[in-house]
Amino acid sequence: MLTNREFRLLEGLRLSPRRTFSGHIRGERLSRRKGISIEFADYRDYGEGDDLRHLDWNVLARLETPVIKTYQDEEDLAVYLLVDCSSSMSFGVPTKLETASRIACAIGYVGLCSLDAVFIRSLGVREKPQRALRTRANYPKLAGWASGLCAESSSSLSQSLREFAASGVRRGYVFVISDGLDPDVFSALRIVGGRGHEIGFIQVLSDEEIDPDLEGDLRLIDSESGQPVEITAGSQVLKAYKQALEGHCQQLQAECVRIGGRYARTTVGEPFEHLFVAKLKREGWISA
């Protein structure tokens with residue numbers, strides 16, 4: 001799914017959620033709990049049975065008081081990659097789903113390299129719960145899953161997000177990669193955010209959706225509902241469409257920000273490095 005050049009671009013990066021989440025196993029991410037990582041946290045009095053390797057011998061020699069160094073623990077972060085597989089994602093060249101799959105692979109690779117717990121989920125597809133993927137050795141499993149995704153779900157994005165929120169998974173960094181064109185997506189995002197997750201929404205649109213090249217009397221078919229709509233595509237109609245689309249995207253961004261999440265928009269033809277370096281890295285989604 002990713003080229004050697006793209007792998008090199010992602011090396012050394014790590015995901016940077018705003019919130020702190022409790023992990024289940026040791027990883028490479030600093031938490032607020034005391035532990036045994038190499039990041040110094042504080043001193044405490046020596047107690048019988050403490051590991052003498054953490055005794056501060058300089059303080060003992062100077063003050064004749066035994067104290068132990070404590071460190072911030074390093075834990076894994078739960079990273080959820082939620083890829084929208086609704087029928088509308090089949091639009092575009094390459095398709096929006098193909099673009100979303102590559103983005104998921106890139107984000108997942110960054111998480112795997114940091115020993116985070118990466119969970120993969122196809123929105124709208126009934127599948128067995130996946131075990132967490134850890135370490136870069138599991139990237140082929142991630143790529144195999146992503147390459148097999150199909151835009152054939154009959155479930156709406158909002159319905160799938162509500163099902164995810166109700167699944168009771170531990171709190172973590174939730175990446176929703178979708179065209180976001182469901183009119184009910186806003187309430188669904190509030191529910192996910194209300195479960196304690198931090199949301200990173202990456203909206204993927206095609207150039208034809210942003211600036212459609214249409215003219216004359218047309219009969220359009222909704223790719224998800226199958227309902228036909230007859231229009232006369234003139235300048236006023238296209239202007240109203242673009243305003244409605246931009247208004248929806250702005251509302252989607254505002255909702256993500258309101259619940260403490262992040263939002264980014266991309267197109268199927270946008271260069272990979274522009275999304276990950278000029279947007280996600282610059283805006284703090286990922287860091288070196």
Side-chain angles (χ1 to χ4, degrees), residues 1-31 37 39 72-84 97-123 130-149 164 169-178 192 197-204 256 260-266 270-288:
M1 296 291 288
L2 299 178
T3 66
N4 290 335
R5 181 176 179 275
E6 290 164 348
F7 279 124
R8 289 194 295 270
L9 185 68
L10 298 172
E11 287 295 335
L13 299 178
R14 62 192 300 145
L15 303 176
S16 300
R18 292 192 178 101
R19 303 180 187 178
T20 299
F21 300 97
S22 296
H24 281 189
I25 67 171
R26 290 185 56 76
E28 292 186 348
R29 190 172 300 277
L30 295 178
S31 80
S37 77
E39 189 75 12
Q72 289 180 301
D73 201 4
E74 293 179 337
E75 301 177 326
D76 67 334
L77 169 71
V79 178
Y80 298 95
L81 304 177
L82 310 186
V83 178
D84 185 3
L97 182 58
E98 290 172 332
T99 302
S101 300
R102 282 172 46 78
I103 294 172
C105 282
I107 294 172
Y109 180 75
V110 172
L112 292 175
C113 290
S114 300
L115 303 184
D116 291 328
V118 177
F119 297 88
I120 52 182
R121 187 157 181 164
S122 312
L123 292 180
Q130 301 281 349
R131 290 187 176 183
L133 301 178
R134 292 184 176 89
T135 77
R136 70 180 68 198
N138 277 302
Y139 175 77
K141 292 183 180 179
L142 171 62
W145 165 79
S147 62
L149 295 177
F164 169 77
V169 296
R170 67 176 167 122
R171 294 181 302 169
Y173 205 179
V174 177
F175 289 89
V176 182
I177 311 172
S178 165
V192 176
H197 299 289
E198 181 175 332
I199 296 175
F201 198 109
I202 300 179
Q203 186 178 28
V204 182
C256 291
R262 292 183 170 108
Y263 167 89
R265 190 193 315 179
T266 186
E270 182 176 21
F272 181 89
E273 59 271 18
H274 188 263
L275 172 63
F276 276 84
V277 176
K279 291 184 179 179
L280 302 190
K281 188 175 180 181
R282 183 186 62 194
E283 295 173 9
W285 296 53
I286 54 180
S287 60

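FYI, the numbering just counts along the sequence from 1.
Under the 3.5 Å distance criterion, the side-chain polar atoms of R18 are left unmatched by any main-chain donor or acceptor of E198.
You'll find the side chain of C113 stays beyond 4.5 Å of the side chain of Y139, heavy atoms only. No side-chain heavy atom of V83 sits less than 4.5 Å from a side-chain heavy atom of L123. With contacts defined as side-chain heavy-atom distances shorter than 4.5 Å, the pair V204/I177 qualifies. A heavy-atom distance below 4.5 Å is found between the side chains of V174 and F164. The shortest distance between side-chain heavy atoms of I103 and T266 falls below 4.5 Å. For the pair I107/I202, a side-chain contact is recorded, criterion being any heavy-atom separation below 4.5 Å from C-beta on.
When the options Y173, F119, Y80 are evaluated for a ring-ring contact (aromatic ring centres under 6.0 Å, His included) with H197, the one that passes is Y80. Here the rule is salt bridge (charged side-chain N to carboxylate O under 4.0 Å, His left out) with E270, and of R265, K279, R102 only K279 fits it.
Environment of CZ in R131: sparse, with no more than 12 heavy atoms of neighbouring residues, nucleotides or ligands closer than 6.0 Å.
In this structure, R282 has no salt bridge (charged side-chain N to carboxylate O under 4.0 Å, His left out) partners at least two apart in sequence or on a different chain. Shown here are the side chain to side chain contact (heavy atoms under 4.5 Å, CB included) partners of E11, two or more places apart in sequence or in another chain: Y109, R136.
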### Message
Checking I286 against K281 for the side-chain contact (heavy atoms from CB on, under 4.5 Å) test, could you report, in this order, the C-alpha distance in whole Å, the side-chain angles of both residues, the deciding distance, and whether it holds?
### Response
CA-CA 5 Å; I286 54 180; K281 188 175 180 181; 3.9 Å; yes
### Task
Check step by step if side-chain contact (heavy atoms from CB on, under 4.5 Å) holds for L2 and L10.
CA-CA 10 Å; L2 299 178; L10 298 172; 4.0 Å; yes
#### Entry: Step-by-step side-chain contact (heavy atoms from CB on, under 4.5 Å) determination, F175 to L15
CA-CA 11 Å; F175 289 89; L15 303 176; 4.1 Å; yes
### Message
Evaluate C256 against R262 for side-chain contact (heavy atoms from CB on, under 4.5 Å), listing each step before the verdict.
### Response
CA-CA 6 Å; C256 291; R262 292 183 170 108; over 6 Å; no
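Of all heavy-atom pairs spanning L149 and S101, the tightest one is CD1-OG, 3.6 Å. Closest approach of S16 to S287, counting heavy atoms only: OG-OG, 2.8 Å. Nearest heavy atoms, L112 versus N138: CD1-C, 4.0 Å. The nearest pair of heavy atoms linking A104 to W145 is CB-CZ3, 4.5 Å. F276 and A106 make their closest contact through CZ-CB, 3.2 Å (heavy atoms, listed as atom of the first residue, atom of the second, distance). Closest approach of V110 and L13 over heavy atoms only: CG1-O, 3.4 Å.
Here R134 contributes atom CZ and D116 contributes atom CG; the two are 9.0 Å apart, rounded to the nearest 0.5 Å.
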